[in-house]
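For clarity, every value in this text was computed on a predicted model and none was experimentally measured. Both counts, for ligands and for their atoms, begin at 1 and track the order of listing.
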Amino acid sequence: HKYACRLQWTLGAGEQRQLRGGHEGLDIDFATRKIASHLHQTKVIVQNGDKFETKTLSTFRNYEVNFTIGEEFEEQTKGLDNRKVKTLVVWDGDKLVCVQKGEKDNRGWKHWIEGDMLHLEITVLDKVCHQVFKKASEIR
Ligand code: 1AG
């Protein structure tokens with residue numbers, strides 16, 4: 001984890017396994033849920049030591065969040081559910097684990113890599129969404 005690298009990954013529709021209700025758990029309206037659940041997303045992660053810049057890109061909306069491992073910060077989930085949360089990201093072994101404290105309990109995500117695949121598990125309340133991204137490119 002100690003080197004600088006830029007990784008880009010793509011998520012195709014159908015590679016997202018959702019135990020139904022993740023969007024509902026965040027109070028996302030029906031129309032937005034319909035669009036969001038069929039999106040192809042691209043995840044761009046730039047790591048420089050403990051610092052991460054992440055971008056989630058799609059034709060519908062983009063979401064960017066930057067963080068430093070072990071440093072809590074205020075995250076505004078602009079364009080997602082538009083809430084304010086206190087976010088902390090740490091390493092748990094080879095998993096990047098994020099806890100988002102706020103109005104919604106048990107909220108956060110985990111990232112890990114298996115071969116050419118980037119996994120993302122997003123949780124809110126008792127809902128879990130598992131996304132699997134394929135590696136698109138790597139530039140060092
Ligand atoms: C995230 O990734 C979430 C990134 O923090 C967005 C992925 C899924 C959507 C999450 C919640 C649903 C809320 C609103 C739906 C509306 C629009 C969907 C737009 C999706 C593309 C941006 C964790 C980590 C970030 O990778 O570093």
Looking at [atom1] of [X] and [atom2] of [Y], how far apart are the two atoms once the value is rounded to the nearest 0.5 Å?
X	Y	atom1	atom2	answer
C98	R107	SG	CZ	9.0 Å
W91	D50	CH2	CG	9.5 Å
Y63	L80	OH	CG	5.5 Å
K95	H119	NZ	NE2	9.0 Å
E71	T87	CD	OG1	13.0 Å

Inset, instruction - May I ask you to identify, for L26, whether its side chain, its backbone, both or neither come under 4.0 Å of ligand 1 on a heavy-atom basis? - result: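 Side chain only.
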Numbered atoms and elements of ligand 1 in range of [X], under 4.0 angstrom, heavy atoms:
X	answer
A36	15 (C), 18 (C)
H23	12 (C)
R61	16 (C), 17 (C), 21 (C), 22 (C)
T54	25 (C), 27 (O)
T56	4 (C), 22 (C)
I28	13 (C), 14 (C)
T32	16 (C)
V65	25 (C), 27 (O)

Inset, instruction - Please say whether K43 places an N or O atom under 3.5 Å from an N or O atom belonging to ligand 1. - result: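 Such a contact does occur with ligand 1.
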Legend entry - H111 N/O to ligand 1 N/O under 3.5 Å: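 Yes; at least one N/O pair falls below 3.5 Å.
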Inset, instruction - Return the option from Q41, H40, R33 holding the heavy atom at the smallest distance from atom 7 (C) of ligand 1. - result: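 Considering heavy atoms of Q41, H40, R33, the nearest to atom 7 (C) of ligand 1 sits in Q41.
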Inset, instruction - List for me each residue that meets side chain to side chain contact (heavy atoms under 4.5 Å, CB included) alongside L118, sequence neighbours excluded, and say none if there are none. - result: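 Applying side chain to side chain contact (heavy atoms under 4.5 Å, CB included) to L118 gives W9, K43, I45, H111, I113, F133.
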Inset, instruction - Can you sort out the partners of R61 under side chain to side chain contact (heavy atoms under 4.5 Å, CB included), two or more places apart, ordered by chain and number? - result: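 Side chain to side chain contact (heavy atoms under 4.5 Å, CB included) list for R61, sorted by chain: T32.
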Inset, instruction - Can you spot which of V85, D27, T123 makes a side chain to side chain contact (heavy atoms under 4.5 Å, CB included) with K104? - result: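 Among the candidates, only D27 passes.
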